[in-house]
S.K.: 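Pasting in a structure now, in structure tokens, and then I'll have a few things to ask.
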Amino acid sequence: MTETASPNPSSTTPAHRYNAALANAIEPKWQKLWLDAGVHHRPNPGERGFDASRPKFYVLDMFPYPSGAGLHVGHPEGYTATDILGRYKKMAGHNVLHVMGWDAFGLPAEQHAINTGEHPATFTRGTIDTFRRQLQRFGFAYDWSREVATIDEAFYRWTQWIFLKLYGSWFDPWQKKARPIAELIGELENGDLRIASDGELVHVGRTAKTLNALGGEPGTARRWHELSKDEQRATIDDQRLAFVGEQTVNWCPKLGTVLANEEVIDGRSERGSHPVFRKPLKQWMLRITAYADRLLEGLETVDWPEDTRSKQRHWIGKSEGAEVDFALDIDTDDPEIDADLPPALRVFTTRPDTIFGATFMVIAPEHPVVDAVLRTPRPQTPVEELRAYAEKARNTADVDRQAAKEKTGVFTGLHAINPVTGDRVPVYVADYVLMGYGYGAIMAVPAHDERDFAFAEKFGLAIRDVVYPVAISAMAYYAANATSDETGDEGWLPTLADMLGYVTSNDLTPKDFEHALTHVRKNRRGEKPVPEERQELVGASPADLADTERWRGAVRGQWIDTIESLFGRSFETMRETFASGAYYARQGQPYDGNGYAANSTATVEGSTVLLDGMPTSKAKATITDWLDQTGIGRRRTNFKLRDWLFSRQRYWGEPFPIVFTENGDHYPIDADALPVKLPDIADYEPAVSEDPQPLLAKATDWVRTTAGEAGCSALDPATVVYRETNTMPGWAGSCWYYLRYADPHNDAALVSKEAQAYWLGDRGVDLYIGGSEHAVLHLLYARFWHMVLYDLGYVDSPEPFRKLFHQGLITAFSFQRPDKTLAPNDTAEEVAEGQYVEKGTGVKLTPVVAKMSKTLKNVVNPDDIIAEFGADTFRLYEMYMGPLEASKPWNTRDIMGLHRFLQRLWRLVIDEETGEPRLASAADAGVDKQLHRTIAKVENDIERLSFNTAIAAMIELVNLATTKAGSVPIFTQQQARRVAATLAPFAPHTADELHERLGGVDHVGQQVQTLYNSAWPKYDEGQLVDDEVEIAVQLAGKVKARITVPADADAKKLEAIALEHPEIKPLLEGKTVRKVIAVPGRLVNIVAN
RNA sequence: GGGCCCGUGGCGGAAUCGGCAGACGCGGCGGACUUAAAAUCCGCUUGGGAGAAAUCUCAGUGAGGGUUCGAGUCCCUCCGGGCCCA
């Protein structure tokens, strides 16, 4: 029995009332007991106490970054949800894996170190202790023996190990999976794979034809032994899933760090306003792009919120199109210049059907051809202007370059040949083309792309129509096919208007134009009988001919207006416009939608391509096939997804298990030499320098070592080597921590085969709950790593997280001034009911929902709430606020309602004066029935994560029992035990305390220390249905009466009862019953008039 | 600008499959207990109208339209808010 001193100074409060004091006495007691007894510890398969008969359930929280500010009320929301589900699943017979850990590398600790000199490790250990203490105060049923932190050497040793696996693997595009590099070398050595001149791997017999200009035929690809040692090394390094790549970054020399785009404002750092330069930097990259298709396909197999799947799809950004080579027209006698420039510019386009409209080309400022032209300029090249432009553009962030309204650019002096039209087209440099997408070069089709159009207008370049929507297509057709008697004066206008009306209202396509024009002409000459024709014209049967006439007149009038607005009343203007393909130039805006191809016919080297009149989708397929056959281009899928920049110039992250030799070659550290420990450094201030200098470079003794010291057996032990000084980004540890939970103390493997097979199985984590802010990055990166580990045989599930759920944001009420700015909560004063003004200024304030923030003074500290109400009340409140996925405002006032619920429930079972159980000797039938229903509802609601309604059901039970009880006991001992078990997942401390006071025997007669080890109560299906139900009788959808009928009454019986009902019968007098809809158990609806 | 999601009492929300809108909690109002207050307990609480009352009646889920015997729920247009991409 718990010793609870009278918690209230007032003598009138009973000694054993459930209140904050009682909660704060019993909760720590149970928490200590659970921890000491290891109640929530789950053994692994093969360990003592493992129960193989139970199915597994792996429920996972997104582990927190332990910030110095401590726990926020948002944290326990998701954690309470998983705790309820985990506790419920345990009681329902599962082995539940539920662990907490710490995502503990990251910038804030490093910033703290800069400010205070305190080692990030010391600081972080402290914040972890705070977080752990705060979380334990909630009574979450975590298996704390499995706790991990990403900063533990025993943990990041395996993060480094996975990096070595990425480094030591390549993506086989034919098998579509990762394989060890050794197997790649094997296939190169045995001749199955060769190396094309552009570095691509060619699989003998399996590769599609490569392009004429750049690729070369498989026959010309070189064999492995024909490569020099350096070439062999480069070939292999180009295939690794972890590779060194060059990436343009925002470098701020003054701050000594690389900045994110968001941290750069107008070329200066947000912090301190120092100049920022865009600088190419060699860094570690992870080849996530190889998995683009797998990452996309896998989304169809998981139970995730549609919104999140959609975000990932967009992020991956798959687009189908073609790549095409535009030969450069170099036209020079100087072989040196020829050699410096590539033979062609390769472009990617999602609209190959518009290639006939490609009247110029644009390359990115970073494109290698720009530097080549600057070295060996053409006669027309404006060298200084080009140099200056490229320089400036390279120092502007991609987002800003794309956002700029005014198009800028410089002519390179180069021309290329449009491969289908044979036209010589100018090549420009412009900043709206990015090096990162496609090949950093585009074919510009001004008539069908907004940015190309703007550029063409500004630089006076040709704009040529190649796609028309159907109506414009019909105009073009008529312009070319009008008879001479129609073209004079006004004869053509009504004819064309009728044709357009006919075409559009009947959804005709260009192949019908000839027929349509004939039809319209015949009609106008009055050669055909009128009625049928006009009905056909309208596409529906009009009431009479007059209507048709009016309708037709209106349509013709509208089209005449449209034509006139485009071409005036001049047929010649229209003819000329379409003959020269200048419709969009005349319109002043491009058309980027689908339609029908026009002006798109050519014969190249004896092969004819004819797209005219084809719908866009067919035109795309046709031109792509043609490009493929002629070797000018080929089908190509492109992705928006970029390879993952994996290097950071920070201190507080995982060191790379990589060393470099004097000549810059990189070598891996041996797996058994891991971890590569983070060295201590004297200070954390970034170096001020012209070149990015990672902080670890300060640890000079650590950086310069020997292969033997470093544990790199690929080199002679005496070789001098330099360690990689970048560290891994914050995402690294979070990519795989959920695997470590399954086997956290294993020092022979990141997770044992058996533990992984049991806890993850072939479906992965059963439920993952966390914020939607991680919809893309974390959840994409983790899937990528998991897929690599799957390919290499370390995990059995193709996807890591079977079911994903995002809890909503907890917001807060705040106050808005009339000018829409927000006022801190402590400045608001309530002057009347619901009326607020700002203190001092007297400005009227409107309550609004806003994010919690320190400046608004609306942040709630969980510790304070627990002190005031107890953890169980807190848990219930957060779950009761609304649907788990919804964003919802915190309102401290509402908490009292949940506290009262526990208090009332407690009072039903426990005598407030004595603390002893108060039990009825016989069960009340109504209460018993409600208890069965409550258990059923709670069970159903937990399964669908609808905790708010589950709690409402328990409150209803308590309300009913309270009403029925009056002042005498209402629950029998058995009922009380069932109630406690039902409450246990939600309010585990209160439930266990009730359980203990009820004798420590659960509802199935087991003596258990805690309800966590009890069973989820069963309910009687028979108790869920009533013998009789009250249903509504509606007359034309309005409820007119309620009837009580047997629950099993069928539709026929319901109808009979309803029609004879004394309240209904009079209402039907003099009316005919047209229809009766009877839904058993729901209602009867009578339609009568 | 494009895509997605959401608008229900004074507030948070419920209505799980197209079937009686507003469960449950907060707040408010009234009552019991109390010298009093707090706490606790009981009752009422979408709006309008009628009635002494039980109750009856009309309207009602951002606005307008549509599908349906029946729409908070499905479809279209618009307004407002949020998120993502540009």
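A, B, ... follow the sequence lines: proteins, then strands. Residue 1 opens every chain.
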S.K.: Polar atom pairs between nucleotides 40-42 of chain B and protein, under 3.5 Å, N or O only, would you list them?
M.R.:
{"residue": "U40(B)", "atom": "OP1", "partner": "R900(A)", "partner atom": "NE", "Å": "3.3"}
{"residue": "U40(B)", "atom": "OP1", "partner": "Q903(A)", "partner atom": "OE1", "Å": "3.4"}
{"residue": "U40(B)", "atom": "O3'", "partner": "R907(A)", "partner atom": "NH1", "Å": "3.3"}
{"residue": "U40(B)", "atom": "O3'", "partner": "R907(A)", "partner atom": "NH2", "Å": "3.4"}
{"residue": "C41(B)", "atom": "OP1", "partner": "R904(A)", "partner atom": "NH1", "Å": "3.3"}
{"residue": "C41(B)", "atom": "OP1", "partner": "R907(A)", "partner atom": "NH1", "Å": "3.1"}

S.K.: Just grab all the salt bridge (Lys or Arg N to Asp or Glu O under 4.0 Å) pairs involving residues 1079-1089 of chain A, residues at least two apart or on different chains.
M.R.: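 Passing the test, one end in residues 1079-1089 of chain A: no pairs.
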S.K.: Using a heavy-atom cut-off of 4.0 Å across all strands, would you classify I955(A) as base, sugar-phosphate, or nothing?
M.R.: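 Here I955(A) touches the backbone only, sparing every base.
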S.K.: Among residues two or more places apart or on two chains, list those pairs meeting salt bridge (Lys or Arg N to Asp or Glu O under 4.0 Å) that have a residue in residues 868-879 of chain A.
M.R.: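 Of all non-adjacent pairs touching residues 868-879 of chain A, those that pass salt bridge (Lys or Arg N to Asp or Glu O under 4.0 Å) are D83(A)-R875(A).
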S.K.: Convert the base pairs of RNA chain B into dot-bracket notation, remembering that pairs crossing earlier ones are written with [ ] and that bases paired across to another strand are shown as |; include only Watson-Crick or G-U pairs under 3.5 Å.
M.R.: (((((((..(((......[....)))((((((.......))))))(((((....)))))..(((((..]....)))))))))))).
S.K.: As an exercise, state the distance from OH of Y877(A) to CD of E77(A), rounded to the nearest 0.5 Å.
M.R.: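 Y877(A) atom OH to E77(A) atom CD measures 10.5 Å (nearest 0.5 Å).
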S.K.: What's the CG-C1' distance between L1054(A) and G19(B), to the nearest Å?
M.R.: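 In whole Å, G19(B) C1' and L1054(A) CG are 13 Å from each other.
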S.K.: List the residues meeting side-chain contact (heavy atoms from CB on, under 4.5 Å) with P862(A), not counting sequence neighbours, and say none if there are none.
M.R.: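 Partners of P862(A) by the side-chain contact (heavy atoms from CB on, under 4.5 Å) criterion, ordered by chain and then number, come out as L71(A), V73(A), F138(A), F874(A).
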S.K.: How would you summarise protein contacts on nucleotides 4-16 of chain B per nucleotide, using B for base, S for sugar-phosphate only and - for none, with heavy-atom distances below 4.0 Å?
M.R.: S------SBSSSB
S.K.: For W315(A), what residues pass the ring-ring contact (aromatic ring centres under 6.0 Å, His included) criterion, not counting sequence neighbours?
M.R.: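 For W315(A) there are no ring-ring contact (aromatic ring centres under 6.0 Å, His included) partners, ignoring immediate neighbours.
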S.K.: Scan nucleotides 68-70 of chain B against the protein and return all N/O pairs shorter than 3.5 Å with their distances rounded to 0.1 Å.
M.R.:
{"residue": "C69(B)", "atom": "OP1", "partner": "K1075(A)", "partner atom": "NZ", "Å": "3.4"}
{"residue": "C69(B)", "atom": "O2'", "partner": "N1085(A)", "partner atom": "ND2", "Å": "3.4"}
{"residue": "C69(B)", "atom": "O2", "partner": "N1085(A)", "partner atom": "ND2", "Å": "2.7"}

S.K.: Is C17(B) in the syn or the anti form, by the rule that syn lies within 90° of 0?
M.R.: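 With its glycosidic angle within 90° of zero, C17(B) counts as syn.
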S.K.: Round to a whole Å and report the spacing from CZ of R313(A) to P of C84(B).
M.R.: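 Rounding to the nearest Å, CZ of R313(A) and P of C84(B) are 18 Å apart.
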S.K.: For nucleotides 72-77 of chain B, print each protein N/O atom paired with a nucleotide N/O atom at under 3.5 Å, atom names and distance only.
M.R.:
none

S.K.: Between K407(A) and Y432(A), is NZ or CZ placed under 6.0 angstrom from the six-membered ring centre and within 45° of the ring axis?
M.R.: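 Here K407(A) passes the 6.0 Å and 45° test against Y432(A).
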S.K.: Suppose we screen for side-chain contact (heavy atoms from CB on, under 4.5 Å). Which residues come up paired with Q312(A), at least two apart in sequence or across chains?
M.R.: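 Testing Q312(A) for side-chain contact (heavy atoms from CB on, under 4.5 Å), a comparison that skips the adjacent residues, returns L299(A), W304(A), L779(A), L780(A), R783(A).
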S.K.: Does anything in residues 939-958 of chain A pair up under salt bridge (Lys or Arg N to Asp or Glu O under 4.0 Å), and if so which pairs, sequence neighbours excluded?
M.R.: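 For residues 939-958 of chain A: K89(A)-E943(A), K937(A)-D941(A), D941(A)-R944(A).
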S.K.: List in chain and number order the residues that pass side-chain hydrogen bond (donor to acceptor under 3.5 Å, both in side chains) with N858(A), two or more places apart in sequence or in another chain; answer none if no residue qualifies.
M.R.: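 Scan of N858(A) (side-chain hydrogen bond (donor to acceptor under 3.5 Å, both in side chains), adjacent residues dropped) gives none.
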S.K.: Nearest-Å distance, CZ (F874(A)) to P (G25(B))?
M.R.: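 One finds 21 Å between P of G25(B) and CZ of F874(A), rounded.
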S.K.: Taking all heavy atoms of H899(A) and all of T873(A), pick out the closest pair and write down the distance.
M.R.: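 Result for this residue pair: ND1-OG1, 3.0 Å.
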